[in-house]
Amino acid sequence: MSRYAPSEIEPKWQAAWDEAGTFRAERSEQPKYYVLEMFPYPSGRIHMGHVRNYTMGDVIARYKMARGFNVLHPMGWDAFGMPAENAAMASGGHPKEWTYQNIADMKAQMKPLGWSLDWSREFATCDPEYYGQQQALFLDMLEAGLVYRKNAVVNWDPVDMTVLANEQVENGRGWRSGAEVERRELTQWFFKISAYSEELLDAIDSLDDWPAKVKLMQANWIGKSRGLRMGFQRTDGQGQIEVYTTRPDTLMGASFVGISPDHPLAKQLAEARPEVAAFCAEARKGGTTEEALETGEKLGFDTGLTVTHPLDPDWQLPVWIANFILMDYGTGAIFGCPAHDQRDLDFCRKYDLPVVETFTALEGHAPVTDEAYVPPKTEPVKWVKHFAGLDVATGQEAIDATIAVAEQGGWGKGVTQYRLRDWGLSRQRYWGCPIPVVHCESCGVVPERKENLPIRLPDDVSFDVPGNPLDRHPTWRDCACPSCGAPARRETDTMDTFVDSSWYYARFTAPRAETPTDLDAAAYWMNVDQYIGGIEHAILHLLYSRFFARAMHKTGHLPASAIEPFNALFTQGMVTHAIYKSAGADGRAVYHFPEEVETQGERAVLRETGQEVEVVPSAKMSKSKRNVVDPDDIVARYGADTARWFVLSDSPPERDVEWTASGAEAAQKHLARVWRIVSELGEAPEAAPQGADEELAKALHRTIHDVTMGFESFGFNAAIAKLYGFTATLAKSPASRGAKTEACRALAQLMSPLTPHLAEEIWAELGGEGLVTGAPWPQVDESLLVDDSVTLPIQVNGKRRAEITVPKEMAKAEIEALVLAHEAVQKQLNGGAPKKLIVVPGRIVNVVV
RNA sequence: GCCGGUGUGGCGGAAUGGUAGACGCAGCGGAUUCAAAAUCCGCCGAUGGCAACAUCAUGUCGGUUCGAGUCCGACCACCGGUACCA
């Protein structure tokens, strides 16, 4: 054996795994385990975040393999989406070529990392074989009543005459044109996810192995609320305005009725009155995001119309059009209660509308001025005037009482409402899955016939002008109506890329099937036992996937057991890196790549010039800040095993980890040290001093136990810390050659999920049978884990003052006596008697004086 | 704005309500060496003290508890999401 040379051993073992087909998943009699990491977008290069994410999945996959599971660990590409079109616009290429080239490049980067992936199942969502099956799913969902069309607002760039994504709107303006964006309505396709609101909410409770924070975020997103739907009669006798409110108890504090600029009444008024039309046009300016709507300036327009308060025929309220009221929520109309809602208060102060309190704090009442009084619904308050005769009651009690009164009086109805809106899937873009429907003049909207799938994207398109190339393609839209055969036009909207990623996990179970799934394969492999990905997907992707699994079950593509597709979820943190920054000649910040910088003690300087640079620690890696490291370079410099070890060693997996060159070097030194220990086994003595072999065995089995626990609970950093510790013990151990060889063999096994190439090399060197990958996981000898004595810290008034070591089974009374007799305790007692003595067996003793 | 999260030495972090700082980095000291690389050993939160030891210390302020990094309340800062980025 020679020095540790990852560049030699890593390709060798990767070839060996390939040749043995180690990672090819076939159905078998063994219990299955499906581990999946969120598949990547083919941006062109993998980054350290991918390395960390996929290494975590790999550790799980390899560990489960060693535990006797039949492991499925596939990989593919989330390949549709805007960046490909942006690239085509910027440099004139074609999204398809750009995407497939990126896939080839990234795959070439991924292979050297030695991940246990079954590449035979690979697909990209832009493969017609994939999106054709997605079109089939769409048609089945359409038939099942889970898809429909309605109007919805988009960001419209009036200069480029095109729809913009939210990220293409910067400060209310189009990123290319700089024009003020406006909200415009288009007829679009929707999935009826709202039909599953209740079920998606209730089933969250069954997701035992999901992070609590993700479940909480999803529950809040679905947003179940109980409120009142009621009408305000117009004083002009032209009917009523229907509003929805979650705070009907504040009805006596109403000071206006507000409607959305997209409300039918607003539209009707706008037709007759130019000033209304002008206001509505102004109110539609800006982007469609919830954030933009919530934080933007609140604008109102007094229509001059009035309505009657439902509980007081003499009380008239003005009707305002307000830009912060969304047609999508509730009925598109509200009543404003400024005293108990900050937004309504701001609005009323701005437009000089009255502010009436309906309840006050039990103590310390201060009249509302510029801050609305909004206590939690669970807090009791004093009611000023409440029609249900309440005096002191909580908000929730008042809401319930109000709904009861309204229903009894027949002027309102309690309704359960969800915040969750239907999923708009239409995108006015080229690089996505075409929606397989046809528009026929006589038959209307007609689904495409399944035998005509896939409806392929045309290749001959250009991106020199904004807008959807499918819309302006000379022939692609022309087709025959599937129903009557007359000339008709294809739908030119494509699907949201979230559709692509909502069922890929199911497709991996039978990636070449002629139908979306193969039910036998799905029944065997589903569910995903462990899903791993970024917290940024906590709501949308994961909620859409949960909906899709239900829809696929309803349409016969998944068994009932798979409606919650991910048994366990883990959300990992980012890989960060310091930013190196200096001031350029014009005073603007100049960023430097890590390899241009050298650290000298506490300072960091540019290698070339010696100029000192500012170090900003732990920032998300981004190309513009140049704080990136390329996995290719890292593997070439340190080897894949070092990269894998380091990304998991320094930080708990759910938290961010900072990539540092010194940390990577330390990881490599450690692996070289393990290597050296193995190569020097021959120098160990045949016979060991008394007890040395037993000591080593004890340490080994404690390590097997701890590392196993670490892998079972995503404690990779803790497992690695234990491996560091055991390696140090092993290096110093005077144990016999035989005992040390055994320990090294077990060490290789424990390290194999993390550093599989090094582990294989050691395993082979020490005469292990076959490959260490998949060799049965070492068993813990429980009898070696028990200690017969225990060290107890002694606290006085919660401060540690001393410790005692006692036999594990010592009685409480004996311990108490020992503690009281202890010199340090005597000193603290100062001759007095303790007030209290707390003995927590095996943990701690606390003396209270 | 709203929802969720995070905050501990010079740095990354460890710690079932029970000895705060495991393990690693950086730094300092030493061994080995002609010298270096590599390797090995030791020290390493702050303040005071020769030392024993004492005091302070887990974003800030309060609370619960024999005991709080951990639980509760308020606040500050940063990060993720906010339905067309993926």
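Just so it is clear: chains get the letters A, B, ... in the order the sequence lines come, proteins before strands, and each one is counted from 1.
When rounded to the nearest whole Å, the span between CD1 of A:I720 and P of B:A14 equals 13 Å. Taking atom CZ of residue A:R800 and atom P of nucleotide B:G21, one finds them 9 Å apart after rounding to whole Å. Atoms CD (A:Q218) and C1' (B:G4) sit 12 Å apart, rounded to a whole Å. Look at CZ on A:F347: it is 17 Å from C1' on B:G1, rounded to the nearest Å. In this entry the distance linking NE2 of A:H541 with P of B:G4 reads 22 Å, nearest Å. In this structure, A:I677 places its CD1 atom 8 Å from P of B:C40, rounding to the nearest Å. Residue A:R655 contributes atom CZ, which lies 11 Å from atom C1' of B:G5 at whole-angstrom precision. Here B:C2 presents its P atom at 21 Å from CG of A:L420, a figure rounded to the nearest Å.
Rounded to whole Å, the C1' atom of B:C72 lies 26 Å from the corresponding atom of B:G21. Between B:A68 and B:U58, the two P atoms lie 12 Å apart (nearest whole Å). Spacing between B:A14 and B:G69 at atom C1', rounded to whole Å, works out to 11 Å. A gap of 13 Å separates the C1' atoms of B:C3 and B:A83, to the nearest Å. Rounded to whole Å, the P atom of B:G17 lies 11 Å from the corresponding atom of B:U70. Rounded to a whole angstrom, the distance from the P atom of B:A37 to that of B:G27 is 13 Å. Here the separation of B:G45 from B:A36, taken at their C1' atoms, is 34 Å to the nearest Å. Here, B:G59 and B:G7 have their P atoms 8 Å apart, quoted to the whole Å.
Residue contacts for A:H537: at a heavy-atom cut-off of 4.0 Å it reaches a base atom on one of the strands shown. Within 4.0 Å (heavy atoms only), A:S662 reaches sugar-phosphate atoms of the nucleic acid but no base atom. Within the 4.0 angstrom heavy-atom criterion, no nucleotide atom of any strand lies near A:L293. Residue A:K722 is out of contact with every strand shown, counting any heavy-atom pair closer than 4.0 Å. In this structure, A:S426 reaches the bases: a heavy-atom distance under 4.0 Å links it to at least one base atom across the strands shown. Across all strands, A:Q428 comes closer than 4.0 Å to base atoms (heavy-atom distances). Looking at heavy-atom distances under 4.0 Å, A:V169 makes no contact with the nucleic acid at all. If you check every strand for non-hydrogen atoms under 4.0 Å, A:K215 touches nothing. Residue A:W423 is out of contact with every strand shown, counting any heavy-atom pair closer than 4.0 Å. Using a 4.0 Å heavy-atom criterion, one finds that A:G424 contacts the sugar-phosphate atoms exclusively. Note on A:G81: only backbone sugar-phosphate atoms sit closer than 4.0 angstrom, heavy atoms only; bases stay farther off. At a threshold of 4.0 angstrom between heavy atoms, the contacts of A:V840 include nucleobase atoms, whether or not backbone atoms are also involved. Within 4.0 Å of A:V154, counting heavy atoms only, lies at least one base atom of the nucleic acid. Residue contacts for A:A666: at a heavy-atom cut-off of 4.0 Å it reaches the sugar-phosphate backbone alone, with no base atom in range.
Closest non-hydrogen pair, A:N717 versus A:S649, comes out as CB-O, 3.5 Å. In terms of heavy-atom proximity, A:L754 sits nearest to A:D641 at O-OD1, 4.4 Å. Across A:F547 and A:K192, no two heavy atoms sit closer than the pair CE1-O, 3.9 Å. Nearest approach of A:Q668 to A:P6, heavy atoms of both residues: NE2-CG, 4.4 Å.
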Quiz item: Could you walk me through whether A:Y131 and A:F80 pass the side chain to side chain contact (heavy atoms under 4.5 Å, CB included) check?
Solution: CA-CA 10 Å; A:Y131 71 71; A:F80 275 134; 3.5 Å; yes
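For A:R676, the side-chain atoms get nearest to B:C40 when compared with the rest of B:C85, B:G24, B:C40. When each of B:U19, B:A86, B:U39 is scored by its nearest atom to the side-chain atoms of A:F498, the top-ranked nucleotide is B:A86. When the nucleotides B:G24, B:A22, B:A14 are ranked by their closest atom to the side chain of A:A721, B:A22 comes out on top. Closest to the side chain of A:E290, from the set B:G13, B:A83, B:G18, is B:A83. Checked against B:G24, B:G1, B:U82, the side chain of A:W221 finds its nearest nucleotide in B:U82.
Nucleotide B:G9 carries a syn base; the chi torsion (O4'-C1'-N9-C4 or O4'-C1'-N1-C2) is within 90° of 0.
How far CG of A:N468 is from OG1 of A:T494: 6.5 Å, rounded to the nearest 0.5 Å. Taking CG of A:N166 as the start and CG of A:N155 as the end, the distance is 5.0 Å to the nearest 0.5 Å. In this structure, A:H541 NE2 and A:E536 CD are separated by 10.0 Å, a value rounded to the nearest 0.5 Å. From A:R644, atom CZ reaches atom CE of A:M751 across 11.0 Å, with rounding to the nearest 0.5 Å.
Between A:W423 and the choices A:F498, A:Y544, A:Y196, A:Y148, the ring pair (Phe, Tyr, Trp, His ring centres under 6.0 Å) rule is met once, by A:Y544.
For B:U39, the paired nucleotide is B:A31, the pair qualifying as Watson-Crick or G-U wobble because both relevant distances are below 3.5 Å. The partner of B:A74, taking Watson-Crick or G-U wobble pairs whose two distances both stay under 3.5 Å, is B:U60. The nucleotide B:U16 finds no pairing partner, because no Watson-Crick or G-U wobble arrangement with both distances shorter than 3.5 Å includes it. With a cut-off of 3.5 Å on both Watson-Crick or G-U wobble distances, the partner of B:G10 is given as B:C25. Look at B:U47: its Watson-Crick or wobble partner, with both distances under 3.5 angstrom, is B:A54.
Between A:N717 and the phosphate of B:A14, there is a side-chain N or O to OP1/OP2 separation shorter than 4.0 Å. The side chain of A:R801 contributes no N or O atom lying less than 4.0 Å from OP1 or OP2 of B:U19. Distances shorter than 4.0 Å separate some side-chain N or O of A:T497 from OP1 or OP2 on B:A86. Contact annotation: A:N166 side-chain N/O to B:A83 OP1/OP2 distance is under 4.0 Å. Dashed line: the shortest gap from a side-chain N or O of A:R673 to OP1 or OP2 of B:C40 is under 4.0 Å. Residue A:R419 places none of its side-chain N or O atoms closer than 4.0 Å to OP1 or OP2 of B:A83. OP1 or OP2 of B:C56 lies within a sub-4.0 Å distance of a side-chain N or O belonging to A:K799.
For A:Q342 against B:G1, no side-chain N or O and base N or O form a donor-acceptor pair under 3.5 Å. The base of B:C3 lies outside donor-acceptor range of the side chain of A:N220, with no N or O pair under 3.5 Å.
The residue among A:K213 and A:I539 whose nearest nucleotide of RNA chain B is located toward the 5' end is A:K213.
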